[in-house]
Number of protein chains: 2
Amino acid sequence: MTIAEVSKKYDLTPDTLRYYEKVGLLSPVPRTKNGIRDYDEQSCKRIEFVKCMRNAGVEIEILIKYMTLLGKGKSTVKERKELLEEQRKKLLEKQKNINETINRLNYKIKIYEEISLGKRKDFTEDL
Amino acid sequence: MTIAEVSKKYDLTPDTLRYYEKVGLLSPVPRTKNGIRDYDEQSCKRIEFVKCMRNAGVEIEILIKYMTLLGKGKSTVKERKELLEEQRKKLLEKQKNINETINRLNYKIKIYEEISLGKRKDFTEDL
DNA sequence: TATTGACTTTGAGCTAACTCCAAGTGATAA
DNA sequence: TTATCACTTGGAGTTAGCTCAAAGTCAATA
């Protein structure tokens, strides 16, 4: 697959794909004889994984570390597990924050709704 | 309340508090005769609100817009409601991404666990 | 043959959200 | 009185994660 195809498939710009490769998120992508990237199955899987993690806000540095461990084979399983557990912990925390904020927004929006409908003429701004 | 007290209370650095004020997230904080900030109830409420929103990743630009509308009184209720609805939509999307990623991490961690326990000697790296 | 268009590289530039620094002020402690 | 300390300001610096620009290569088309 060319970079344009992969770019379309995963909705990441070619620049971003090259950047990910440069910083070590992807093991060097195979090339044609003229040096043009020809993404294989493995590269695509990694890109999909990275995209998923990035969408959740996992830092690139962490992903580089993970990919490096992955490249070293089975001896790094324990370390990889610990790394993923740490990220999960962070995401659970983030999830909690987001849930709290959504609840707060729900409340505020409901109040504004009521004001709009004239059900609350008494409203004092409280945030 | 002094900036140091507020800083401690909300776990935000004094620099961050001054920054928030400078960019317009807080209406000018009251001062003592020597120009030292003396945070009042309203300032604290705003700080708490901003902190909650920032913890969920809501952009400062958006919050500035919201605070500006808030300052203009009841005529902006509809606009404020729309703004909050948009942010809620973004957070729901984010929540979805995070949930997906947590599920994926749970799966990976489980697999690594099994490998560690010798239950899976056959494992092929798949991400 | 000439040009188009997708690719390549290197390296600079950008944005958000802080974070830090230098220089100054004013109240309190020794 | 002198020194300390928490505060003040303006403005520069930092970090993550891209994003863009310039200059070049190569295969395919007019």
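Letters go in sequence order (proteins before strands), and every chain restarts at 1.
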Chemist: Looking at A:Glu21 and A:Arg37, is there a salt bridge between them, counting it only when a charged N and a carboxylate O are closer than 4.0 Å?
Modeler: yes
Chemist: Is NZ or CZ of A:Lys22 both nearer than 6.0 Å to the six-membered ring centre of A:Tyr20 and within 45° of the ring axis?
Modeler: no
Chemist: Take atom NZ of A:Lys51 and atom P of D:dC18, then tell me their distance rounded to the nearest Å.
Modeler: 12 Å
Chemist: What is the distance from CD1 of B:Ile64 to P of C:dC18, rounded to the nearest Å?
Modeler: 11 Å
Chemist: Output yes when at least one side-chain N/O atom of B:Tyr20 is less than 4.0 Å from OP1 or OP2 of C:dC18, else no.
Modeler: yes
Chemist: Should A:Glu48 and B:Arg104 count as an ion pair when the cut-off is N to O under 4.0 Å?
Modeler: yes
Chemist: Is there a residue in residues 21-37 of chain A whose heavy atoms reach under 4.0 Å of DNA chain C, and which residues are they?
Modeler: A:Arg31, A:Gly35, A:Ile36, A:Arg37
Chemist: For A:Lys65, is the NZ atom crowded, meaning more than 12 foreign heavy atoms sit under 6.0 Å from it?
Modeler: no
Chemist: For B:Arg18 and D:dA12, what is the distance between atoms CZ and P respectively, to the nearest whole Å?
Modeler: 18 Å
Chemist: Just the rounded figure in Å: distance from C1' of C:dT9 to CD1 of A:Ile3.
Modeler: 12 Å
Chemist: Looking across every strand, which nucleic acid part, if any, lies under 4.0 Å from B:Arg54 by heavy atom: base, sugar-phosphate, or nothing?
Modeler: sugar-phosphate
Chemist: By nearest heavy atom, map B:Glu5 and A:Ile60 onto DNA chain D; which one lands nearer the 5' end?
Modeler: B:Glu5
Chemist: With sequence neighbours excluded, tell me which residues meet ring pair (Phe, Tyr, Trp, His ring centres under 6.0 Å) with A:Tyr66.
Modeler: A:Phe49
Chemist: Between D:dG17, D:dC18, C:dA17, which one does the side chain of A:Glu59 approach most closely?
Modeler: D:dG17
Chemist: In this structure, how many angstroms lie between the C1' atom of C:dA16 and the CD atom of B:Glu61, rounded?
Modeler: 9 Å
Chemist: Could you check B:Met67 against B:Ser27 for side-chain contact (heavy atoms from CB on, under 4.5 Å), going step by step and ending with a plain yes or no?
Modeler: CA-CA 8 Å; B:Met67 292 307 189; B:Ser27 35; over 6 Å; no
Chemist: Taking OP1 and OP2 of D:dC7, is either one under 4.0 Å from a side-chain nitrogen or oxygen of B:Thr2?
Modeler: yes
Chemist: Using the test side-chain hydrogen bond (donor to acceptor under 3.5 Å, both in side chains), find all partners of A:Asn99 that sit at least two apart in sequence or belong to another chain.
Modeler: B:Gln95
Chemist: What integer distance in Å separates A:Tyr19:OH from D:dC20:P?
Modeler: 15 Å
Chemist: For B:Asn55 and C:dA17, give me the distance from atom CG to atom P, rounded to whole Å.
Modeler: 13 Å
Chemist: Starting from P on D:dG11, measure out to CG on B:Asp15 and report it in whole angstrom.
Modeler: 16 Å
